[in-house]
Amino acid sequence: MNTKETMHPDCEKILFSEETIQKRIEEVAAEVDKALPHDSVIAICVLNGAVMFFADLVRKLHHDIQFDFMSVSSYGDGTTSGALKIKKDISANVKGKDVLIVEDIIDSGRTLMLLKKLLEDRGAASVKIVTLLNKPSRREVDMYSDFNCFDVGNEFIIGYGLDYAQQYRSLPYIGILKREIYEK
Ligand code: IMP
Ligand code: MG
């Protein structure tokens with residue numbers, strides 16, 4: 001079945017269409033353009049989830065920007081802020097640089113809190129965060145992005161880079177995963 005043109009059968013509802021996503025990224029790119037210095041910024045794409053958002057966002061910025069890629073996850077005992085597991089590190093030296101972290105979603109906030117601290121500890125001049133999605137109802141630490149495209153409720157989100165068990169990333173829209181898929 002072609003799940004790109006019709007809704008994927010595991011998707012409960014489409015929240016944001018391709019067109020809505022592109023329009024909103026255009027607005028957020030304008031905010032980022034205004035707020036960031038126009039040279040020496042390194043944009044860090046947090047793999048794998050942010051890859052679509054990153055590619056669309058950087059093309060809508062009016063200034064050239066350096067790229068780098070990182071893959072991280074957070075783990076902890078649930079009571080402390082936990083630790084950051086680096087699965088793939090950036091190649092760039094961020095010392096003295098203005099950094100823009102590009103992330104798919106802030107859920108508990110732990111990953112971004114730890115990643116921001118790591119980049120600050122490495123001597124970045126500034127660290128700003130842009131997220132595609134924000135799930136405020138699930139926040140466990142005091143962490144917010146500087147720029148955000150859309151708020152979502154306490155539901156499992158798939159598509160446009162976001163996965164469940166490595167599936168659904170290539171869907172062009174953002175949708176809610178049916179509960180029966182992750183509760184079975
Ligand atoms: P946090 O550290 O809890 O803020 O979340 C970190 C990561 O969990 C995000 O970067 C996503 O990769 C993943 N995640 C959280 N919520 C969702 C969701 O609804 N769909 C897909 N991935 C999610
Ligand atoms: Mg992520």
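As a basis for the values below, the full set of heavy atoms in this structure was taken, side chains included, without hydrogen atoms, waters or symmetry mates. All ligand and atom numbering here is 1-based and tracks the order in the structure.
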Residue pair N93 / R122, side-chain donor-acceptor N/O under 3.5 Å: no
I90 side chain near I44 side chain, heavy-atom distance below 4.5 Å: yes
Which of the ligand 1 atoms, numbered from 1, are nearer than 4.0 Å to a heavy atom of E103: 10 (O)
Contact atoms of ligand 1, heavy-atom distance to K135 under 4.0 Å: 16 (N), 17 (C), 18 (C), 19 (O)
Proximal ligand 1 atoms for S108, defined as those under 4.0 Å from one of its heavy atoms: 1 (P), 2 (O), 3 (O), 4 (O)
Closest to atom 12 (O) of ligand 1 (judged by heavy-atom distance), picking from I158, T131, D104, L84: D104
Between E27 and R24, is there a side-chain N and carboxylate O pair less than 4.0 Å apart? yes
Only one of V130, T131, I21, D104 clears side-chain contact (heavy atoms from CB on, under 4.5 Å) with F53; which? V130
Below 4.0 angstrom from a heavy atom of T111, which ligand 1 atoms are there? Numbered from 1 as shown, please. 1 (P), 2 (O), 5 (O), 6 (C)
Ligand 1 atoms in contact with E155 (distance to a heavy atom under 4.0 Å): 19 (O)
Pairs of nitrogen or oxygen atoms closer than 3.5 Å, one from G109 and one from ligand 1: do any exist? yes
Does the pair D10/K178 count as a salt bridge with the N-to-O cut at 4.0 Å? no
Ligand 1 to D163, heavy atom cutoff 4.0 Å, flagged ligand atoms 21 (C)
Would you say the ring centroid of F150 lies under 6.0 angstrom from that of F16? yes
Nearest heavy atom to atom 23 (C) of ligand 1 wins, so pick from I105, L133, V46. I105
Can you name the side-chain hydrogen bond (donor to acceptor under 3.5 Å, both in side chains) partners of T20, sequence neighbours left out? S17
Distance-only N or O hit between ligand 1 and I157, under 3.5 Å: yes
